[in-house]
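Contents: one structure, followed by commentary.
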2 protein chains.
Amino acid sequence: MKNCRSLPVGSVRLADPFLAHRVEADYRVTIPTSIDKCRETGRIDSFRLNWKPGMPNRPHIFWDSDFAKVIEGMCYAVALHPEDHRMAAELDGYIDLIVSAQQPDGYLNTYFTQVAPAERWKNIFDWHELYCAGHLIEAAVAHYEATGSRKFLDAMCRCADYIGTVFGPEADRMHGYPGHEELELALCKLADATGNDAYFRLAKYFVDERGKSPNFFQQEDPGRNEGQLKNRQAHKPVREQRDADGHSVRALYLYAGMADVAERSNDVELLDACKALFDSIAEKRMYITGGCGSTLIGEAFTVDYNLPNDTAYAESCASMALVQFAKRLLNITRQGRYADVMEQALYNGVLSGISLQGSEFFYANLLEVSSDTFTYGHIRKERQPWFDCSCCPTSFCRFLPQLGSFAWSEAENELRLNIPAAGSVNRNGIEIEVGGSYPFGGEIPVTVKSAGNFRFALRIPGWCRSFRLTLNGEAVSAAPENGYITLERNWNAGDKLELTLDMPVEVVRANPAVTADAGRIALMRGPLVYALESTDNGRVLSRLLIDTEAGFTTAPAPNLPDGVLAIRGEARLESDASEGHLYYRAAPQLEKAGFTAIPYALWQNRGPSDLLVWMRCR
Amino acid sequence: MKNCRSLPVGSVRLADPFLAHRVEADYRVTIPTSIDKCRETGRIDSFRLNWKPGMPNRPHIFWDSDFAKVIEGMCYAVALHPEDHRMAAELDGYIDLIVSAQQPDGYLNTYFTQVAPAERWKNIFDWHELYCAGHLIEAAVAHYEATGSRKFLDAMCRCADYIGTVFGPEADRMHGYPGHEELELALCKLADATGNDAYFRLAKYFVDERGKSPNFFQQEDPGRNEGQLKNRQAHKPVREQRDADGHSVRALYLYAGMADVAERSNDVELLDACKALFDSIAEKRMYITGGCGSTLIGEAFTVDYNLPNDTAYAESCASMALVQFAKRLLNITRQGRYADVMEQALYNGVLSGISLQGSEFFYANLLEVSSDTFTYGHIRKERQPWFDCSCCPTSFCRFLPQLGSFAWSEAENELRLNIPAAGSVNRNGIEIEVGGSYPFGGEIPVTVKSAGNFRFALRIPGWCRSFRLTLNGEAVSAAPENGYITLERNWNAGDKLELTLDMPVEVVRANPAVTADAGRIALMRGPLVYALESTDNGRVLSRLLIDTEAGFTTAPAPNLPDGVLAIRGEARLESDASEGHLYYRAAPQLEKAGFTAIPYALWQNRGPSDLLVWMRCR
């Protein structure tokens with residue numbers, strides 16, 4: 001397939017009011033803090049392989065993946081900050097430590113090596129050996145690309161080679177596949193980085209074997225039922241899957257891996273499955289914020305249109321994985337709709353998962369919170385500094401440095417601006433600078449800084465009803481195709497494009513089948529979903545009826561970073577006629593009120609607050 | 001305390017259009033079917049004590065309680081049907097079988113006797129030995145009262161005597177209490193039936209010891225955390241508990257037992273705890289249907305005002321237990337508010353749990369169901385004939401014959417009509433007949449059939465805003481006190497009271513803190529909560545906006561038993577403007593429509609249907 005690629009992390013520098021400081025906070029706060037947490041909790045020492053029964057900090061089956069993700073993030077940070085020799089040196093020490101834990105046969109897993117050596121490969125369904133290997137491979141590829149050093153990459157090649165002697169189609173191998181998918185996409189990355197097609201073939205084997213009959217997971221344990229297989233996307237072959245089912249993070253990592261395999265093998269049938277699964281999510285199973293997973297139970301997708309707000313799961317990791325999946329389909333197909341969902345998740349349900357400071361995290365991203373919201377399990381109403389199962393914080397470590405990379409793609413002699421966030425790109429001699437204040441402002445000046453002949457594609461977002469584009473002051477009449485306007489010419493240094501995306505406040509409704517949102521509206525402006533916080537509106541959110549006819553204004557959002565715009569408008573406040581009773585018969589009264597809504601992604605950054613995305617209206 | 005008692009089961013014959021045929025269906029269908037199910041599943045054979053490893057139908061820790069509840073129901077049925085010698089003989093055989101399973105020391109539990117003898121009393125927190133004993137004791141008391149035979153009663157006295165050698169304040173006993181409460185109230189019944197105060201003292205010990213520090217359940221297993229203790233109402237002494245917490249059936253059985261102990265020992269402090277716990281439920285944690293328990297997770301109460309409709313748990317057993325708890329507080333205090341809640345649960349969230357035929361059951365009683373409702377675990381959108389954990393069907397077996405007993409209470413020289421359902425009472429020489437069609441009609445003729453001097457108290461329900469009462473055609477001016485009008489006189493045979501309760505359709509709202517019901521209304525008429533079914537209205541329930549200003553009418557409910565009234569009225573139907581999209585920006589249109597609502601308790605009796613209790617309105 002003739003596809004695009006996202007730009008390398010180091011080639012894009014963001015300077016916009018929404019994403020840029022997230023990249024910076026990751027570098028300054030999230031990565032160092034996560035390293036500290038990994039040290040405190042034993043996740044780093046675990047690689048020394050000297051834990052003994054009775055000692056504190058007993059390693060856990062998923063620990064290696066946490067540290068691997070922080071290391072991957074640090075590799076990207078080093079790529080973005082070549083001046084930071086201290087971080088580079090620190091990183092080098094960690095790489096040596098990780099590699100030192102590798103066993104002579106290539107196996108690398110600190111839990112099974114020192115805690116349960118007899119259990120190696122005994123429970124592929126539940127235990128995370130292949131998952132951890134996948135994250136270590138991703139980190140190794142990031143390290144190689146950031147530093148040119150092969151020591152981590154070579155170690156993970158030995159590990160992948162060893163895994164290829166354990167799993168595969170041959171009669172003497174296990175005909176299994178990851179219980180927590182991720183290794184599939186990692187092996188594709190490893191194949192790209194090394195040019196060794198064996199890694200791709202192993203990824204393809206894992207994808208193709210999954211869910212075939214007789215079922216590997218049921219051979220491993222005949223007690224496993226259909227629901228358990230579905231939670232792991234192993235209830236049927238992946239090419240036959242059309243509904244996004246089961247554990248949402250596992251599902252989305254799998255789908256991303258499927259897209260990688262489809263792309264590299266021109267496998268149209270597999271790509272069609274990916275598209276159908278994407279549609280299942282985007283058209284039936286996704287919160288308006290790009291959140292995925294409607295229930296804590298199994299951390300899973302449920303059924304079409306089941307999108308409860310106050311018991312949403314919408315794990316931060318799942319939205320990040322959705323961005324990765326959408327990015328792959330975008331790069332394969334060049335269809336703007338994949339960019340639309342990528343942006344929707346990125347600007348809402350991903351960034352809501354981390355505080356502006358970069359130090360606290362939501363595991364689950366609720367869309368409605370009040371003092372009376374009951375939260376289940378590890379779901380919290382306020383962000384937390386860490387979790388026992390700390391996948392989300394460590395996912396942010398590696399995700400945030402890639403923000404610029406999502407904004408830009410490239411193909412042969414072509415650059416594609418997927419998200420018009422201000423910043424600069426420098427790639428293969430082409431330099432472009434983007435200005436403006438997107439996503440708060442729709443005026444986007446783009447300056448080509450270097451002369452050359454190349455195609456330049458600008459995305460016109462799916463949410464945008466009207467726009468204007470000029471080149472050096474003259475209107476460009478080209479209509480968007482598949483969501484992009486493509487200009488091919490001999491560019492002169494200093495050529496100036498001016499893209500203006502009209503960005504009114506939009507009243508959005510949900511399909512009537514989404515009973516949780518019946519009679520409710522959401523407010524969007526550009527890619528941003530807005531929400532009511534009690535911080536601005538008092539603890540009356542479910543009694544506020546937004547006046548959709550009275551018009552809306554924007555204004556600087558109180559006590560949020562410079563440049564952040566709030567939406568203001570008129571409303572009616574319903575009186576509390578209950579007199580304290582649980583059920584009552586008086587009719588409430590309506591009085592005039594105003595409201596202030598802020599971007600959902602920024603909620604809970606001004607202290608504890610109630611939250612409401614789907615608002616009542618008049 | 002100078003209290004009332006509910007009338008014995010055999011002394012009331014119902015003839016109303018709502019309850020009477022439920023008693024009959026229980027006798028003709030529910031009890032015989034449950035006996036069959038107990039036989040098929042091995043619950044009866046388990047009492048033969050010849051199960052061996054490898055045989056089918058391995059007994060389960062709660063099986064004895066299931067069969068005990070069916071037997072208890074059969075005892076009541078025999079009391080109501082003295083002509084049915086065949087059922088009496090069948091019952092006698094089961095009693096012999098049950099008693100034959102008793103061990104020489106008095107222990108009676110078929111699971112631990114034959115499956116896990118070494119585990120007796122090893123896990124009081126999780127296993128159900130004391131719970132099963134309680135249900136067997138209740139059955140034994142019912143058997144003694146229905147037949148006069150002491151054989152089952154004496155056996156259970158020996159069992160209770162034995163339990164009293166295992167648990168108690170003495171140094172050599174276990175200082176524990178039931179992990180699933182129920183035995184407390186059963187022991188009070190046993191004390192009443194036998195006159196042996198030792199059983200009451202053991203009940204009181206269980207109540208008083210519960211939740212004391214050091215905590216027995218944590219001594220049994222130090223790994224148990226606060227949440228687990230709270231699920232079992234053992235996180236603090238019961239006298240200090242003010243919020244209804246944890247597993248809702250366990251909680252309500254405990255509270256009923258606490259009320260029994262408080263009553264029998266004039267324990268005002270304990271009664272105050274009962275009242276506070278009742279208020280916690282009725283004013284903050286109860287569905288409008290009388291449903292209790294907001295979550296499947298732990299089958300538990302959650303927090304104040306957390307009452308989700310489409311993920312309600314509201315277990316049938318919990319509402320039946322609420323009726324038992326409310327009945328006790330009503331009989332102790334003579335306060336009408338306890339009768340109000342008893343009636344609210346009985347006429348809505350209890351009877352919704354069983355089909356009109358008496359053959360199918362809801363475990364959980366949802367308040368909102370659509371094709372897009374996701375149901376968790378064993379929660380179903382349609383009633384089921386049985387469950388692996390079949391507490392609810394077997395609870396109905398014993399609950400339904402008591403319906404008449406809930407309607408009437410007595411005290412010295414006093415009869416009290418708690419629920420004016422048509423029927424007749426014959427008690428200690430006093431005969432009274434109640435006519436009318438309550439709860440569908442508010443005109444209630446009451447005829448005293450036998451002369452005598454006694455107090456007669458008629459409840460004026462809390463939901464009633466206006467009423468009239470005449471005696472032999474002349475207005476009675478007495479005002480209700482605590483929800484009852486009390487008339488004391490020399491009654492002549494043929495004296496006629498005519499009570500008229502005005503019964504308009506009422507629009508009810510929920511406290512604004514119940515965010516699940518924000519902007520919604522419920523419709524009630526008399527004690528009945530009404531609901532929309534797609535059977536009458538099409539699959540558009542969340543798009544129907546009830547017009548609360550246009551007035552309502554009543555009419556015979558289509559395809560439901562004679563006498564059942566539906567509510568009809570005007571509405572607006574919101575168009576589906578989504579064009580199939582998950583999120584969209586068009587504004588829906590409203591068109592005129594009508595609606596039909598039927599009693600919630602009768603939903604899902606005309607085939608599969610969507611359901612909505614809390615309706616949108618204009």
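Just so you know, these numbers come straight off a predicted model, no measurement behind them. Order of the sequence lines fixes the chain letters, A, B, ..., with proteins taken first and strands second; residue numbering starts at 1 for each chain.
The part of B:Val514 that comes within reach of chain A is its side chain, from C-beta onward, which places non-hydrogen atoms under 4.5 angstrom from that chain. Looking at B:Leu544, neither its backbone nor its side chain comes within 4.5 Å of chain A, counting heavy atoms on both sides. With a threshold of 4.5 angstrom between heavy atoms, A:Arg585 approaches chain B through its backbone and through its side chain. For A:Ala516, no part sits under 4.5 Å from any heavy atom of chain B, backbone or side chain. In this structure, chain B has heavy atoms under 4.5 Å from both the backbone and the side chain of A:Arg509. A:Ala522 does not touch chain B: none of its heavy atoms, backbone or side chain, sits under 4.5 Å away.
Counting heavy-atom pairs closer than 4.5 Å to chain B, the top-ranked of the candidates A:Ala518, A:Ser542, A:Ser371, A:Ser294 is A:Ala518. Interface check for chain B: of the options A:Gly377, A:Pro588, A:Gly227, the most heavy-atom pairs under 4.5 Å are formed by A:Pro588.
Side chain of A:Tyr583 to backbone of B:Ala510: no donor-acceptor contact under 3.5 angstrom is found.
B:Lys284 is not listed as a side-chain neighbour of A:Leu582, based on a closest heavy-atom distance of 4.5 Å or more. Between B:His581 and A:Asn511, every side-chain heavy-atom pair lies at or beyond the 4.5 Å cut-off.
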(request) Could you check A:Ile297 against B:Tyr376 for side chain to side chain contact (heavy atoms under 4.5 Å, CB included), going step by step and ending with a plain yes or no? (result) CA-CA 8 Å; A:Ile297 299 175; B:Tyr376 293 85; 3.1 Å; yes
